[in-house]
Amino acid sequence: MDQADAAPPHATRADDPLPRPVLRSAVELYLDLHAHPELSGHEHRTAGRLAARLTELGCTVTRSVGGGHGIVGVLDNGPGPVVLLRTELDALPVTEETGLAYASTVPGVMHACGHDLHIAAVTGAVALLAASRDTWRGTLLVVGQPEEETLNGARSLLEEGRLYERFGVPDAVLAQHAAPLPAGTLAHAPAGGPPLMAGSVAVEAVLHGRGGHAATPHLNVDPVLMAAATVLRLRTAAAEATAPAEQAVLTVGSVRAGERGNVTPDHAELSLTVRAFTQDALDRLTTAAERVVRAEAAASGAPRAPGFTVTARSPALVPDPELTARVRLAHERLLGLGRVLDLSGSSATEDFPHFAAGGVPVAYWMLGTTGAGPWRTARAGGDPVPPNHAPGFAPDVRAALPVGIAALAAAARQVLAPRPAEGRGTDS
Ligand SMILES: [Zn+2]
Ligand SMILES: [Zn+2]
């Protein structure tokens, strides 16, 4: 990310045109959601709050789409293009350390990825569009997606929920994500650049040993040792399976084995993530990881073959270049050139690419959330800005939310057909 040239935050032009009631309702919703986060797969209350707000705004809302807490709101405004606005619903198993008055009231759970901000922004954008139905034609689909953090929700909505069959194939799918850039800015992937986000594969591996007394290693098959060797070898295998110019990551994020120092357990579990920008690299690294897990188990004399289960997959996020160019132009008109930044590819991942199924054009951009104070402090060499997933992640709502609302509405208007009216030119 080119953060060095970023304009200072705050005082956005987008603040001005937002009607006060729209912003007030979005802020209230944000504060409530932030205080009551729910983990992936448990987004019952969050889905209910979003559904209630969308209903108030005139949407027809369907709940439990895809078998989980997915919701779809439809704002039908006559024949015309279909635009899907997507927000995630879930929070993370993180203990909040922001000290904010509206901090999480749920122990060990926090909206540390900003999905609460995304929900509030979507409702604000729908409010703007609902209040100006005479200026556009088409259908707005609002999707509240559960289980993004576990990378399962988008697939459930699209496959089990048959999202596009039931609600129509959209002409564009739009989403934004909170990011530690200056609040008041947006960032887009430059046309023709690398994918905006990596594709990923999540794996759970189980190494089987033979438990026993820790003092008699010759009678046991030690899964702790097997896990340690496997973790080290996985890193090497990842390096070997990756071309020098290729960006790829293989990280073991969790190792679980044993309870006590004097007992050799009978199994160990590893959770790993593979990230890469091409499907070929993802497949190659996943194959290499499986080979290492199996070979290390065999080398240790494991009594049975290890488990190796892919629990989630997501392709790389490649925004549609033509749609992105139109959306970016709308954002530049909204905020001015200096507040729309270029974004380089990130090894972060998203299950949003599933919405591009069947060639549906998708656009995705970053919404800056860092307030002026923390930004200046970090730039001056002080405390770094807490990023997404950190316990201190604290979006500057006053500066970021109005921009998020206006950015989504402006992007949607790029696709929705303008409705010519007396004295009104075509929409920008
Ligand atoms: Zn996240
Ligand atoms: Zn997120």
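Small disclaimer: the values here were computed from a predicted structure and weren't measured. Whatever order the structure lists ligands and atoms in, that order sets their numbers, starting from 1.
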> Does Phe393 have its ring centroid less than 6.0 Å away from the ring centroid of His389?
Replying inline: no
> Roughly, to 10 degrees, what angle do Cys113 atom SG and His115 atom NE2 form around the Zn ion (ligand 2)?
Replying inline: 110°
>> Using a distance threshold of 2.8 Å, state whether an N, O or S atom of His118 lies below it from the Zn ion (ligand 2).
In response: no
>> Below 2.8 Å, can you find an N, O or S atom of Glu148 next to the Zn ion (ligand 1)?
In response: no
>> Students often mix this up, so state it plainly: with edges at 30° and 60°, are the rings of His69 and His44 parallel, tilted or perpendicular?
In response: perpendicular
> Looking only at heavy atoms, which two atoms of Leu140 and Ala412 are closest? And how far apart?
Replying inline: CD1-CB, 4.4 Å
>> For the metal site, I want the angle between atom NE2 of His389 and atom OE1 of Glu149 with the Zn ion (ligand 1) at the apex, to 10°.
In response: 90°
> Which of these, Arg233, Arg235, Arg284, sits in a salt bridge (Lys or Arg N to Asp or Glu O under 4.0 Å) with Glu240?
Replying inline: Arg233
